[in-house]
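Just so we're on the same page: letters track the sequence lines, and every chain starts at 1. Scope of the values below: all heavy atoms of this structure, side chains included, with no hydrogens, waters or symmetry mates. What you see is a predicted model, and the numbers here were worked out from it, not measured in a lab.
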Amino acid sequence: DSGVTQTPKHLITATGQRVTLRCSPRSGDLSVYWYQQSLDQGLQFLIQYYNGEERAKGNILERFSAQQFPDLHSELNLSSLELGDSALYFCASSVETGGTGAQYFGPGTRLLVL
Amino acid sequence: KNQVEQSPQSLIILEGKNCTLQCNYTVSPFSNLRWYKQDTGRGPVSLTIMTFSENTKSNGRYTATLDADTKQSSLHITASQLSDSASYICVVTSTSGTYKYIFGTGTRLKVLA
């Protein structure tokens with residue numbers, strides 16, 4: 001158990017809908033990262049927040065957005081969902097601002113868009 | 001273009017044997033290289049993190065090497081166990097103004113009894 005929690009574990013929705021994925025980092029970690037893992041593209045870095053502020057951006061679509069709240073939990077919002085958004089979404093956390101330290105991954109949220 | 005390539009794509013070995021997984025990258029500028037173990041359907045678990053100046057790093061039966069000149073890394077698993085069956089993912093961190101994490105597609109290892 002990494003100490004990172006993600007909810008929900010599974011999510012089934014329809015195209016065009018909007019969903020919110022939630023992540024609580026390990027106690028004491030200030031950075032939260034979001035990743036997408038699909039069968040055809042492997043793992044991809046989406047976005048990172050550090051202490052409430054966006055710190056790094058990867059291949060995140062404009063239909064996706066994220067934020068980190070004062071209690072350090074983070075939410076990833078996915079809107080206008082398409083079939084291709086079906087994937088495992090992982091959250092990770094670390095103590096540092098990013099880049100150099102170990103990241104601890106949560107169990108993931110499996111999203112299925114029908 | 002920043003890329004991370006891993007080989008082989010998949011590997012089957014007998015329990016107790018050693019194996020070596022390869023990772024070649026063309027990422028620049030380079031910050032560090034990580035190896036992760038990922039069991040099917042679960043989050044990746046960090047094995048090692050190496051910076052530019054580190055050649056070797058061990059974590060139990062896992063030993064990673066890095067050659068920053070040739071931009072190659074390897075992960076050596078000693079005395080494999082059934083529980084080593086997983087995907088092993090190489091990730092290179094780039095520091096072009098902001099951090100970016102470039103993932104390899106992984107090597108799927110199966111250890112047989």
Is any side-chain heavy atom of A:Q48 closer than 4.5 Å to a side-chain heavy atom of B:Y101?
yes

Does any non-hydrogen side-chain atom of B:Y36 lie less than 4.5 Å from one of A:Q103?
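SC-SC contact between A:Q103 and B:Y36 confirmed.
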
Contact origin within A:Y35 toward chain B - heavy atom pairs under 4.5 Å
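For A:Y35, side-chain heavy atoms alone lie under 4.5 Å from chain B.
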
Check whether A:Q6 gets within reach of chain B through its side chain, its backbone, both or neither, counting any heavy atom under 4.5 Å.
neither

Select one option (side chain, backbone, both, neither) describing which atoms of B:I102 are under 4.5 Å from chain A's heavy atoms.
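No part of it gets close to chain A.
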
Counting only non-hydrogen atoms closer than 4.5 Å, does B:S31 touch chain A with its backbone (N, CA, C, O), its side chain (CB onward), both, or neither?
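For B:S31, side-chain heavy atoms alone lie under 4.5 Å from chain A.
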
If hydrophobic clusters are built by linking Ile, Leu, Val, Met, Phe, Trp and Tyr wherever their side-chain heavy atoms come under 4.5 Å apart, do [X] and [Y] end up in the same one?
X     : Y      : answer
A:V95 : A:L72  : no
A:Y50 : A:I60  : no
A:L88 : A:L21  : no
B:V45 : A:F105 : no
B:L66 : B:L75  : yes

Keeping the roles fixed (side chain from B:R34, backbone from A:G101), state whether a donor-acceptor pair exists under 3.5 Å.
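Checked: pair present.
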
Should the heavy atoms of other residues, nucleotides or ligands under 6.0 Å from CZ of A:F69 be counted, would the total exceed 12?
yes

Heavy-atom count check: over 12 atoms from other residues, nucleotides or ligands less than 6.0 Å from A:L39 CG?
no

How far does CZ of B:R42 sit from CZ of A:F90, to the nearest 0.5 angstrom?
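So the CZ of B:R42 and the CZ of A:F90 are separated by 10.0 Å.
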
Output the option from A:S2, A:G42, A:A56 having the highest count of non-hydrogen pairs under 4.5 Å with chain B.
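Of the options given, most contacts go to A:A56.
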
Correct closest heavy-atom pair for A:L43 and B:P44 would be CD1-CG, 3.9 Å

